[in-house]
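In listed order, ligands and their atoms are each counted from 1. One-based numbering along the sequence shown.
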Amino acid sequence: MYLNPKVVAIGAGYHGCHGVIALHEKLGIVTKVNLHDEQTWDDAGLGKGDLVHLETPVNPTGEALCIREFADKAHKRGAWLSVDATLGPPGLQDPFMWGADVVMHSGTKYIGGHSDMLCGVLAVTRKEWCVGLWEERMYLGSVMGSLEGWLGVRSVRTLELRVRRQSESAGRLVGWLDGLLQSQDREGDAGAVKEVVDSVKHASLQKDDMDWLAEQMPNGFGPVFSVWMKTPAMARALPSKLKFFAHATSLGGVESLIEWRRMSDDGVDERLLRVSVGVEGWEDLREDLLSALKSVREVEK
Ligand SMILES: *Cc1c(COP(=O)(O)O)cnc(C)c1O
């Protein structure tokens, strides 16, 4: 609303952001183009005052994109770069360092951190944008209740502790799972996991991108990762076999969650599970995952 772009470039990511752009398209005031196809940007005339919207790490896979690269592509045309940094909150990444003009967070996730409040955050560095956003918010009505405000202040005190621990545990779980998938071993845990898991995705596995990624996320690659099971039936069955992971949507709380993603986003592959790692001991989460993966071997293909 505040920047009022005529063209918005956006890629994969949170379905709610696509939903909001669809409303603006319905009103005929915005054209949406593909983040990964610059020809579509130029065909639609993406230029001064328009918007490039980047989500990184991206929901639901947990893979990262290079903020600096997209900042350069936007700025060279006079457009702004907004970054949805929900999956890489403060403590893990600072998009302003790499050229973002607007940083967006679902405060509902890591900033709240306890799955008990709804909140959205837009951060900007220009004073006049702050004033403009604040004034427009008054008429848009997206004002937080005072209890949520208080819960948010409580939560921010532990934000860095939580996200670094959650991110570290996610990295360990991803390394363990991927290690089993890559191993030559056909027996034991590796054999069992390979029977049911097709692949694991997470920024920590983007080895070819580490030249920019290690700088962009120096303190960990985020607490969300995704698992592609061999079949949709296995993906549907796994969440109810777990004891430490609740089967629920959302992410970012101190408790680990897993979601059969198709349940809340009908655009995604039916074999996809999204995992949000909490603050529990990672070894307990690993044992829980292992026994659940072993038990879905019995599920009909
Ligand atoms: C959840 C989420 C949002 C939306 O946040 P709400 O607080 O639920 O409105 C936006 N972007 C990403 C990446 C999210 O995960």
Contacting atoms of ligand 1, where contact means under 4.0 angstrom from a heavy atom of Cys119: 7 (O)

Validation row, ring centre Trp134 to ring centre Trp129 under 6.0 Å: no

Minimum-distance protein heavy atom relative to atom 2 (C) of ligand 1: Lys109 NZ, 2.5 Å

Note: Arg261-Glu270 ion pair, threshold 4.0 Å (strictly below): no

Atoms of ligand 1, numbered as shown, that sit under 4.0 Å from any heavy atom of Thr108: 6 (P), 7 (O)

Identity and separation of the nearest protein heavy atom to atom 5 (O) of ligand 1: Ser106 OG, 2.9 Å

Residue list, side-chain hydrogen bond (donor to acceptor under 3.5 Å, both in side chains) with Ser167, at least two apart or on another chain: none

Ligand 1 contacted by Asp84 (non-hydrogen, < 4.0 Å): yes

Enclosure of Asp211 CG (heavy-atom neighbours >12, cutoff 6.0 Å): yes

Glu55, any N or O under 3.5 Å of ligand 1 N or O: no

Nearest-neighbour protein heavy atom for atom 10 (C) of ligand 1, which is reported as residue plus atom name and distance: Tyr14 CD2, 3.3 Å

Set of side-chain hydrogen bond (donor to acceptor under 3.5 Å, both in side chains) partners for Asp37, sequence neighbours left out: none

Electrostatic pair Glu280:Arg165 at N-O distance under 4.0 angstrom: no

